[in-house]
Each structure stands twice: as structure tokens, then as C-alpha cells.
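Working notes, structure below.
As the structure is a computational prediction, the values presented were derived from the model and not from experiment. In what follows, chains are A, B, ... by sequence order, proteins preceding strands, each numbered from 1.
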Amino acid sequence: MQYKAPRGTADILPEEQKYWRYIEQKALEQCRRYGYQRLDTPVFEDAGLFTRSIGEGTDIVTKEMYIFDDRSDNRLALRPEGTAPICRAYVEHGMGSLTQPVKLFYLANIFRYERPQAGRYREHHQFGCEAIGESDPAIDAEVVTMAWSFFASLGLNGLMLKLNSIGCKACRPAYLERLREYYISYSDRLCPDCKVRMEKNTLRLLDCKQPSCHGIAEAAPRSADHLCKECNDHFTAVRKYLNLAGVPFEVSHRLVRGLDYYTRTVFEIQPPGEGAQTSVGGGGRYDGLIEEIGGKPTPSIGFGTGIERIVLNLKAQSVPIPPVSGQDVFIAYRGDDAKTEAVRLAAILRSGGIGTILAFGDRSLKAQMRQADGSGCAYVAIIGDDELQTKSVTLRTMGTGEQQSVLWDNLVSVFKSLQLH
RNA sequence: GUGAGUGUAGCCCAGAGGCCUAAGGCGUCAGGUUGUGGCCCUGAAGAUCGAGGGUUCAAAUCCCUCCACUCACCCCA
């Protein structure tokens, strides 16, 4: 085969579409209920937007971005995440002068140059929400609640909501210092990766997957115990509101998030079962991000979810997915004159809003019926010599095999009265 | 970037040195008398056995290289 979809990308085939439509529809419904408006941004942005916001030292920036110069030597990157572009649009369009918070959502494809594996692709899709311009802990709780109810509405079971606070730029440095000191005393017992993390990304030490590091991480100083008064009050309030909303969360002091811009509230939604991907969605507060990319200081919080991972979980749990609605009637014909009439009737039916599939290729009626059966149409309209005489079709109900004669002039109105799909 | 596993028709797969002129199932197409689907029956099309090289009288089967896919690590949705 000469051409294949690039590594880590995938075609979403017709038989897969029902999952995607289902998820989109649930996402749209949650956004309506919570008051989020859609904002679509370009697939590529100035690369600097991401290096600045995500963090110069993160893997996403250092080795996973699809980055390129265009013909005018602009350094561009395919978006490796969804939050920074939304924030850029917020700043660019002066949304800071609107009533705050501004609540936006996106459904977008995301690109990261990684080795693909289950639930991880070079192009994947995210549904995400951002509530920009509000520091009230009540909105943290609302965002978390929305994410949670989105997953609940999908019909997924056994999900876990993990919550933590990682402080702000005032209190985090001191905590990180404590953490580093703690880890130094165990440095000889750490896995090789963790030795690197000590220098590169101290917080990440906490969620190491190696069993040998679990005990050390479990006993490590907890960020929630080292918050400044403001952050502590905030975290306390978030938990209070979440309890009020009836959201079953679990505080996890080992929950950290990968991107540099997070502050205070962070959360993650974890699917049940084994597997590499430990998260189907997550988010947090990013109070410094908008200022970092050139806006005024603007407290914000949001979350993102991976559509492919949701599909994986829907399949794993065999969640029933409604089929996408199909066609209503298949037109079969016998002979040239009948074919002419079939073409004419198909046009009339479609103009009348009836989903119509027309047979092609002058194949035998048996072959046409087989095709009709496979097409999922509930009805087949057959035209042959007899029907031409009476200006009618033989309308067969595939489920029951019953047939009736319907005049051409009455076809559309008959179908309209049949309560299709 | 690292490690392991797998590559045979559109899909699932049998075959593990000669009996392979590569089997079966699904799907596709055609037929089972003259205008009718689903079940059943019959038949047909469809495979340079991932690519290249090597060993051998003989390779889908053994060896090497490459490529791709899958899973895991790193990281993340």
C-alpha cells in the first residue's frame, strides 16, 4: 500500500461515528446547562504561545510539538493543547471587558509527537471548558461538577474523581523546597526516572508509577499541608461546594498535573481498570496563564477530556450507544422506463425530506432487494411495468414483509404520516 | 527516545522447510426458472504470504536488515 494515515493518526470510519456523535451531543448538552459558549481556534498558532504557557521544560514543548516555519518564516505549531489558544483568543478579542467570568468551550483536534499506544495518539481530540476571569472557589467547584456530570451523562461507571491543591506562586516554591529536601534523603532508593525528576520536575516525583517509589511518594510532604492562607481557604471552600453539589471526590495529595501553568485546584478523572492511560480528563486553575501570554492578570480554571479515551471506555463498558439515524426508503426498479421514474421519484422524496436511496446499475430485483436489506431502510418502493401502468409504487415494509400500492402523487405525504426514524 | 510482541485476501485467521497450484469464516458479487430482502444452498472474484537480502535442490515456513502495527515505559487526554 502506497499511502497510509500517518503514524498515530486514525480515520474515524462510518461505523465509529455513533460514538463521536454521542459524546459531542452530551458535551453540547452540558455546555448548554452550564452556560458555556463554543470558541473554535485555528489548528496552528504561533509556537511561542505554547512554549510560553505550557512551560519551556515540559516534554510537550521540548519534544512533542509539531513545529514548523511557514513560507514567511513564522514559527508555527499545531496546537498541543486547548487552553492556551482559548486564552489567546480571550485576550486578542478584549473579552476582559465583558462580564466575568467568560465561559468558553472547544471540541478540537490536538497534536503531539509521541509514540502511539492504547489511548495515546499523535492526533487526538479533546472536549474542554474554560471559565476565565473568576477566582471564586465556587466556580472551581462548578467546573469540577460539570466535568463530573459530563462523564455521568455518558453512562460510564466506576470513575474516580481525584482532587488536590498545588498552591500558588507565593506558597509553592517553599513547598517544592521541602519536597526536594525530603527526596534527597531517599535519593539512593529512587528509580532512574525519579532521579531525573528531582532536577527537572519535582512535583512529578509524586505520581511515579514504579512500585518501589510508591512508599516514598506516599509519605512525602503534602502540598495541601503547605498552602498559604489564601490557597488554603480557597481549597477548603472548593471542597465545601463540591460536597454541597454531591460530587464524590477524593483528595489525593499525589495528584499533580503536567503543565506548568496550573495553580491551586487541580483535578483528574480516572477510569476503572488497568491500562496505561490513567486519566480520561482533568483540569485545574491557571491564574497566571493569561498574564503570561500578555493579558491582564486574570484568574481562570478549566478542564479537558480526551475523546478517544472516552470512546475506549464506552466500548470497554459496553455502554449502549444510539445509532445514527439512517435512510427511510430504498427505490428498486425493473426496466428503463421504471428507472426513469425511480430517478424522478427519488428527487421528489428527497425534496420532501425523506431519506432516499436509489438503486443503480440495473441489477436484478433480487440483488436490489438484498442491497435494500443491507441499507437499513425500513421501506422499499418497487417500480416495474405494473406500477408504471397505475402510476404507483409497490411499497414493501421490510420488517413485516407487508406490501401496499401507493400512488406517486401520494408518496411524500404517506411517508410523512409514517413517523420515520 | 527505550523495551517487548506481531505482520498471510476488505476484515478475523489456519498453515511452522517440500503433499501450498496457500485452507476456512465474515464480507462482496452472481445464481437457486419467468418482479422481491433477511435463513439456507451453490458458485465466483479477491493474497507478488509487510519489504529487501541470505541459507537451501526447495522458503509463507530458517537467518539478517529495514519498515509498519500493537502494547508498555517516558509523558499525557
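- Between Q117(A) and A72(B) there is a side-chain N or O to OP1 or OP2 distance below 4.0 Å.
- Side-chain contact between V329(A) and M398(A) is absent, with no heavy-atom pair separated by less than 4.5 Å.
- Contact check, K63(A) against C75(B): no side-chain N or O comes under 4.0 Å of OP1 or OP2.
- A straight line from CG of L205(A) to P of C75(B) spans 10 Å, rounded to a whole angstrom.
- For R370(A) and G38(B), the shortest distance from a side-chain N or O to OP1 or OP2 is below 4.0 Å.
- Separation of the C1' atoms belonging to C20(B) and U8(B) is 12 Å when rounded to the nearest angstrom.
- Counted by atom type alone, S300(A) and T298(A) present zero donor-acceptor pairs between their side chains at under 3.5 Å.
- Pair assignment for U36(B) gives none, since no Watson-Crick or G-U wobble pairing has each distance under 3.5 Å.
- Nucleotide A59(B) has no partner under the Watson-Crick or G-U criteria, as no pair reaches both atom distances under 3.5 Å.
- Here R115(A) does not reach the OP1 or OP2 of G1(B): none of its side-chain N or O atoms lies under 4.0 Å away.
- For I60(A), counting side-chain heavy atoms from C-beta on, the closest listed nucleotide (C76(B), U34(B), U36(B)) is C76(B).
- Between K4(A) atom NZ and G7(B) atom P the separation is 15 Å, expressed in whole Å.
- In summary, the aromatic rings of F105(A) and Y36(A) are positioned with their centroids too far apart to meet the 6.0 Å limit.
- Rounded to whole angstrom, the span from the CD1 atom of I331(A) across to the P atom of G37(B) amounts to 19 Å.
- Side-chain atoms of K103(A) and Q37(A) include no donor-acceptor pair closer than 3.5 Å.
- Pairing of U42(B), defined by two Watson-Crick or G-U wobble distances under 3.5 Å, is identified with A30(B).
- One finds no side-chain N or O of T58(A) lying less than 4.0 angstrom from the OP1 or OP2 phosphate oxygen of C75(B).
- Among the protein residues, A372(A) comes within range of no part of the nucleic acid, since none of its heavy atoms lies under 4.0 Å from any strand.
- Base pairing analysis places G7(B) opposite C67(B); the two distances defining the Watson-Crick or G-U wobble pair are each below 3.5 Å.
- Look at the P atom in both G32(B) and U70(B): the space between them is 45 Å, to the nearest Å.
- Side-chain contact between I348(A) and L411(A) is absent, with no heavy atoms from C-beta onward closer than 4.5 Å.
- Atom name P, nucleotides G52(B) and C67(B): the rounded distance is 15 Å, in whole Å.
- Among the heavy atoms of the strands lying under 4.0 Å from G399(A) is at least one base atom, whether or not backbone atoms are also near.
- Nucleic acid contact for Q403(A): base, since at least one base atom lies under 4.0 Å from a heavy atom of the residue.
- Proximity of K366(A) to the phosphate of G37(B): a side-chain N or O atom is located under 4.0 Å from OP1 or OP2.
- The phosphate of A30(B) (OP1 or OP2) has a side-chain N or O of R363(A) nearer than 4.0 angstrom.
- Across all strands shown, G119(A) has heavy atoms under 4.0 Å from base atoms, whether or not it also approaches the sugar-phosphate.
- A 3.5 Å limit on both hydrogen-bonding distances identifies no Watson-Crick or G-U partner for C19(B).
- Looking at E81(A), K63(A), M65(A), R79(A) one by one, the single match for side-chain contact (heavy atoms from CB on, under 4.5 Å) with R112(A) turns out to be E81(A).
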